[in-house]
Amino acid sequence: MRVVIVTESFPPDVNGVAHCALQTARHLVDRGHAPVVVAPAPSPEVSASLKQGGPPSGDKPDALAPCPVVHVPSLPLPGYPQVRVALPSRRLTATLIEHRADVVHLASPFVLGVRGMAAAARLGIPAVAVYQTDLAGYARTYMGAGEAAAWRRIRSVHGAADLTLAPSSAALHDLETHGVPRVELWPRGVDTERFRPGRRDEALRRELAPNGELIIGYVGRLAPEKQVELLAGACGLEGVRVVIVGDGPSRPGLEQALPGAVFLGRRTGDDLARVFASLDAFVHTGPFETFCQTVQEAMASGLPVVAPAAGGPLDLVAHGRTGLLVPPRDPAAVRDAVRSLAADAGLRAAFGAAGRAMVEGRTWAAVGDQLIGHYATVLAGRRTAVAA
């Protein structure tokens, strides 16, 4: 199959949409298909650093891309410059035509993806839309309103697709409840070779917790919707060291709100895996996750997980077996869950082992084959419709 992946984000961006789009492209190539990626261009500074050998982390994301990447002009999102928004460009339609696409894969369609949907419709190309971002939750967080308008946009965009893929049962229920048709479940894979308990690094642990504290970690964007400030209570627990991995607009405020926490900034690849494996427990705080890939990576690393009982974590965390689900937006519940894990090394070990066992079969290869099956179903449906 010839596939054009139209994504709102792609490496060097570090987020779930970018990571999933990259893994999708890799798997399609591995299975003998021909993908091309269309994505917003990175900032001029990032582009310059890539040309000079890559950013300080050593990542060279375009070099890691297994297929051609077509960049369309973009601008930074006001107030959140790490996010790039694509500008109108003829490159998108031209790519669909030149690549002779059999199917268009729309990764978290919002701006560029909407244009991709329209172009696919004009050209008569089937489109599969992947729902990944809780726009309604973001509207509540950033605007205090607008949830109904967000759902109207989601319904309009995804309703035009031949198929919408939801990453979790909670996301699937939300989409169907709000009138989005033709929805199927498609979860995410995890690299269980990269993320594994064997990467635990005692030297790093001594650096992070020189007095032998229990290390509790959060990994993800530092933005208002992630509600990382809920870890403040855990910072106050005796014998506990909170470690924050990631970057974003909320970092300055969080450095004030989380006294004693260690902020490591952005980490990727094997370096991130080493940090994960060196934690004693993982806490995710955001209530708007359609999946929550960092929870899977923590489980693959053999960690017990604390997460809100909302969205994607409901499918990932077996309460009382692989971790603890807590009421969303409840700082006392987060603190108490961390305290209970800190007090019981046996419980931490049991949860961590069960979590690792649970995700061992969730490889990107297995998930990628499911995606190819969804493509095939959509193409067969189009052929049947044409024949009729």
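We're numbering straight along the sequence, starting at 1. Computation of the quantities below employed the complete heavy-atom set of this structure, encompassing side-chain atoms and omitting hydrogens, waters and symmetry-equivalent molecules.
Applying the salt bridge (Lys or Arg N to Asp or Glu O under 4.0 Å) rule to E213 yields the partners R241; only residues at least two apart in sequence or on another chain are considered. Here D162 pairs with R382 under the salt bridge (Lys or Arg N to Asp or Glu O under 4.0 Å) rule; sequence neighbours left out.
Atom SG of C235 and atom CD of E229 lie 11.5 Å apart (nearest 0.5 Å). Atom OG1 of T294 and atom CG of L316 lie 9.5 Å apart (nearest 0.5 Å). Note that OG1 of T164 is 12.5 Å distant from CZ of R155, once rounded to the nearest 0.5 Å.
Taking both residues in full, the closest heavy atoms of A25 and V37 are given as CB-CG2, 4.3 Å, listed atom of the first, atom of the second, then distance. The heavy-atom pair separating P181 from G159 by the smallest distance is CD-CA, 3.9 Å. Taking every heavy atom of both residues into account, R199 and A277 meet most closely at C-CB, 3.6 Å. Closest non-hydrogen pair, P12 versus P42, comes out as CG-CB, 4.1 Å. Taking every heavy atom of both residues into account, D270 and R194 meet most closely at OD1-NE, 3.0 Å. For the residue pair S278 and D201, the shortest heavy atom distance occurs at OG-N, 3.0 Å.
If you chain together hydrophobic residues whose side chains sit under 4.5 Å apart, I244 and V338 fall into the same group. Connection of L165 to I372 is established within a shared hydrophobic cluster, with ILVMFWY side chains joined at heavy-atom distances below 4.5 Å, either directly or through further cluster members. L254 and V240 fall within a single hydrophobic cluster, where Ile, Leu, Val, Met, Phe, Trp and Tyr side chains are chained together by heavy-atom contacts under 4.5 Å. Follow the hydrophobic side-chain contacts under 4.5 Å out from L222 and you reach V334 in the same cluster. At a threshold of 4.5 Å between side-chain heavy atoms, the hydrophobic network of Ile, Leu, Val, Met, Phe, Trp and Tyr places L341 and V317 in two separate groups.
Using a 4.5 Å heavy-atom threshold, the side chains of F195 and V359 count as separate. The closest side-chain heavy-atom distance from R188 to C20 is below 4.5 Å. Between M299 and V190 there is no side-chain heavy-atom pair separated by less than 4.5 Å. At a threshold of 4.5 Å between non-hydrogen side-chain atoms, the residues V306 and H284 do not count as touching. Considering only heavy atoms from C-beta on, V85 stays 4.5 Å or farther from F110 through its side chain. Put simply, the side chain of D174 does not reach to within 4.5 Å of the side chain of T290, judged on heavy atoms. Two residues are said to be in side-chain contact when any heavy atoms from C-beta on lie closer than 4.5 Å; S340 and L324 meet this criterion. The shortest side-chain heavy-atom distance between V283 and Y218 does not fall under the 4.5 Å cut-off.
Note on residues 368-379: pairs passing side chain to side chain donor-acceptor pair (under 3.5 Å), not counting sequence neighbours, are H27-D369, R31-D369, H105-Y375. The side chain to side chain donor-acceptor pair (under 3.5 Å) contacts involving residues 350-367 comprise Q296-R362, R356-E360, where partners must be two or more places apart or lie in separate chains.
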Apply the test side-chain contact (heavy atoms from CB on, under 4.5 Å) to residues V14 and R266: give CA-CA distance (whole Å), side-chain angles for both, the deciding distance (0.1 Å), then the verdict.
-> CA-CA 8 Å; V14 179; R266 168 184 150 171; 3.3 Å; yes

Residue pair L28, I5: steps toward the side-chain contact (heavy atoms from CB on, under 4.5 Å) verdict | CA-CA 11 Å; L28 288 171; I5 300 170; 4.2 Å; yes

Under the side-chain contact (heavy atoms from CB on, under 4.5 Å) criterion, do M358 and R321 qualify, and how do the steps go?
-> CA-CA 10 Å; M358 183 175 289; R321 188 157 68 90; 3.1 Å; yes

Stepwise, does the side-chain contact (heavy atoms from CB on, under 4.5 Å) test hold for F276 with D271?
-> CA-CA 9 Å; F276 260 118; D271 187 28; over 6 Å; no

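The backbone N or O of E193 sits less than 3.5 Å from a side-chain atom of R196, completing a donor-acceptor pair. Using a distance-only test at 3.5 Å, with no hydrogens or angles considered, a donor-acceptor pair links the side chain of H99 to the main chain of A34. Counting only distance, with no hydrogens or angles, the side chain of E297 and the backbone of D191 share no donor-acceptor pair below 3.5 Å. A side-chain donor-acceptor contact under 3.5 Å links R91 to the backbone of H71. A donor-acceptor contact shorter than 3.5 Å is absent between the side chain of T322 and the backbone of G355. Remark: the backbone N or O of G248 is not paired with any side-chain donor or acceptor of R221 at under 3.5 angstrom. Proximity of a side-chain donor or acceptor of R274 to a complementary backbone N or O of L204 within less than 3.5 Å is not detected.
Electrostatic pairing of K226 and E289 counts as a salt bridge here, judged by a charged N lying under 4.0 Å from a carboxylate O. Ion pair D280/R200 flagged as a salt bridge, since at least one NZ, NE, NH1 or NH2 atom sits closer than 4.0 Å to an Asp/Glu carboxylate oxygen.
Looking only at atom types and distance, the side chain of S168 has no donor-acceptor partner in the side chain of D315 under 3.5 Å away.
Here L87 sits in one hydrophobic cluster together with L75; the rule is ILVMFWY side chains under 4.5 Å apart, joined directly or through other members. If you chain together ILVMFWY residues whose side-chain heavy atoms come under 4.5 Å of each other, V36 ends up grouped with V4, V6, V38, V70, V72, L92, L96, I97, V104, L106, L112, V114, M117, L123, I125, V157.
No more than 12 heavy-atom neighbours from other residues, nucleotides or ligands sit within 6.0 angstrom of CD on Q256.
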